[in-house]
Student: 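First, the structure itself, so that you have it in front of you.
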Protein chains: 2
Amino acid sequence: MITILLDSPVPLHDQLVSELRGLIAQGKLAVGDELPSVRQLAADLGINLNTVARAYRELTDAGLLTSARGRGTVVISSVEKGRGPKSLSQQRLESSMAGALADAKIAGISLEVIQAIFKKQTEIIWKNP
Amino acid sequence: MITILLDSPVPLHDQLVSELRGLIAQGKLAVGDELPSVRQLAADLGINLNTVARAYRELTDAGLLTSARGRGTVVISSVEKGRGPKSLSQQRLESSMAGALADAKIAGISLEVIQAIFKKQTEIIWKNP
DNA sequence: ATTAATGTATCATGCTTTGATACTTTGGCA
DNA sequence: TGCCAAAGTATCAAAGCATGATACATTAAT
């Protein structure tokens, strides 16, 4: 359900936070759902328990989760504490993405090719040395 | 022209590489264009010269730039080493896509969110002609 | 009460980035 | 031709940070 890249420049706990935020935002993790224990998730991902704990703590600080010793970690909200619905950079991404796709459609590029290009570019930008 | 975020989890040299890749892919930096000196750009961005030098070196290794002592750094290619040519419209799509993704990465938007935005935009554009 | 399972805290270690500084090469100009 | 400024490169140190091993504290179930 959750995947992380061990050889990414972005720290593991940051990846985890992003992943979990995404799952919560998408509703795949609903309010009231219990997350796997830090040891469980750490074992699943092959990383240290502290790294998972740190991600949980950051999301707890953000107001999305609640944690307690002996009881586990639970989703308590799907909205960030004190944050707007969308970041400015995200809106900008939507705009530029929409523009690029509209142009591509007019140029007659097939959806399959577009998806392939998107995939390749993300790979280049994310995984290059 | 180039902006970086000092408080991003992404390393400065990685941000620089992404930015420069984006500019080259978009054609804002054309083949033959000379880049600012490592000292100049470092001063402009308020970072260390080594950081700029490292970004230049990585792009040199990727086959996009060439550097020489005393002469500076110049764009020699707009395509990554080991990639073939494409149709014109596809190249344009690749360019704008690369630019958008590079910006998104620097902004710290997670890959999952980016993919969600891409999916949503394609649905919108292909559904409503 | 015991025990297993949970999150939390502490500390060490190692990697990586970043920076300060010096070296080397090139090209222009007196 | 010789000097000098400007370019990239190399070296080394310092700092930060992520990651991990381990121990502690708390809860709930038996």
Side-chain angles (χ1 to χ4, degrees), chain A residues 2-20 29 32-77 126-129, chain B residues 2-20 29 32-77 105-106 108 110:
Chain A
I2 295 175
T3 60
I4 56 175
L5 303 176
L6 292 163
D7 54 349
S8 166
V10 307
L12 298 180
H13 68 266
D14 261 317
Q15 294 185 45
L16 251 184
V17 167
S18 296
E19 288 281 314
L20 291 171
L29 280 177
D33 282 358
E34 187 164 345
L35 290 159
S37 76
V38 292
R39 287 171 181 78
Q40 181 65 50
L41 187 51
D44 288 352
L45 299 175
I47 61 180
N48 192 271
L49 123 180
N50 292 322
T51 307
V52 179
R54 177 167 178 179
Y56 281 7
R57 183 167 49 74
E58 291 183 16
L59 289 171
T60 299
D61 293 342
L64 294 177
L65 306 178
T66 183
S67 290
R69 283 172 169 162
R71 288 187 313 172
T73 303
V74 180
V75 180
I76 58 173
S77 173
W126 256 259
K127 297 183 180 163
N128 249 328
Chain B
I2 296 174
T3 60
I4 57 175
L5 302 176
L6 292 163
D7 55 348
S8 166
V10 182
L12 299 181
H13 68 267
D14 260 317
Q15 295 187 42
L16 251 183
V17 167
S18 295
E19 283 282 313
L20 292 171
L29 280 177
D33 283 357
E34 186 165 346
L35 291 162
S37 76
V38 292
R39 286 171 181 80
Q40 180 67 48
L41 187 52
D44 288 351
L45 298 175
I47 61 179
N48 192 272
L49 125 182
N50 292 322
T51 307
V52 178
R54 177 168 177 179
Y56 282 6
R57 183 167 49 75
E58 290 183 18
L59 290 170
T60 299
D61 292 343
L64 295 178
L65 306 178
T66 182
S67 290
R69 284 174 170 157
R71 288 186 309 166
T73 303
V74 179
V75 180
I76 56 173
S77 172
K105 182 183 181 185
I106 289 170
S110 79

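Just so we're on the same page: letters track the sequence lines, and every chain starts at 1.
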Student: Can you find a donor-acceptor pair, distance only, under 3.5 Å between A:Asn48 side chain and D:dA18 base?
Tutor: no

Student: Report yes if the side chains of B:Ile2 and B:Leu16 come closer than 4.5 Å at any heavy-atom pair, otherwise no.
Tutor: yes

Student: Which nucleotide in the list D:dA10, C:dT8, D:dT19 gets nearest to the side chain of A:Ser67?
Tutor: C:dT8

Student: Can you tell if the side chain of B:Gln40 reaches within under 4.5 Å of the side chain of B:Asp44, non-hydrogen atoms only?
Tutor: yes

Student: Under 4.0 Å between any heavy atoms, over every strand shown, what does A:Leu49 touch: base, sugar-phosphate, or nothing? Just pick one.
Tutor: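 Base contact.
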
Student: Rounded to whole angstroms, how far apart are CZ on A:Arg71 and C1' on D:dA29?
Tutor: 15 Å

Student: Just the rounded figure in Å: distance from C1' of D:dA7 to CG of B:Leu65.
Tutor: 15 Å

Student: Grab the CD-P distance between B:Glu58 and D:dT9 for me, whole Å please.
Tutor: 13 Å

Student: Is there side-chain contact between B:Ile76 and B:Thr60, with at least one heavy-atom pair below 4.5 Å?
Tutor: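 No; the side chains remain at least 4.5 Å from each other.
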
Student: Take the protein atom CD of B:Gln40 and the nucleotide atom C1' of D:dG8, then report the distance between them rounded to whole Å.
Tutor: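 Result: 15 Å.
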
Student: Considering only heavy atoms from C-beta outward, does the side chain of A:Leu59 approach that of A:Val75 to under 4.5 Å?
Tutor: no

Student: I need the CZ-P distance between A:Arg54 and C:dT8, as an integer number of Å.
Tutor: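 After rounding, the reported distance stands at 14 Å.
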
Student: Is the shortest heavy-atom distance from the side chain of B:Leu20 to the side chain of B:Leu29 under 4.5 Å?
Tutor: yes

Student: Reckon B:Thr73 has a side-chain N or O less than 4.0 Å from the OP1 or OP2 of D:dG8?
Tutor: yes

Student: In whole angstrom, give the distance that lies between atom CG of B:Leu12 and atom C1' of C:dG19.
Tutor: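 About 11 Å, once rounded to whole Å.
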
Student: Could you give the CZ-to-P distance, from B:Arg69 to C:dG27, as a whole number of Å?
Tutor: 14 Å

Student: Can you find a donor-acceptor N/O pair under 3.5 angstrom joining the side chain of A:Asn50 to the base of D:dA21?
Tutor: yes

Student: Please tell me if B:Thr51 has a side-chain N or O lying less than 4.0 Å from either OP1 or OP2 of C:dG19.
Tutor: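 Affirmative; the distance criterion is met.
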
Student: Of the nucleotides D:dG20, D:dT26, D:dT9, which one has an atom closest to the side chain of A:Ile47?
Tutor: D:dG20

Student: Counting heavy atoms from C-beta on, name the nucleotide in D:dA18, D:dA7, D:dG20 closest to the side chain of B:Arg39.
Tutor: D:dA7

Student: Given that A:Gly70 and A:Gly46 both sit by DNA chain D, which one's nearest nucleotide is further toward the 5' end?
Tutor: A:Gly46

Student: Quickly work out the B:Leu41 CG to C:dG19 P distance and round it to whole Å.
Tutor: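 In whole Å, C:dG19 P and B:Leu41 CG are 13 Å from each other.
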
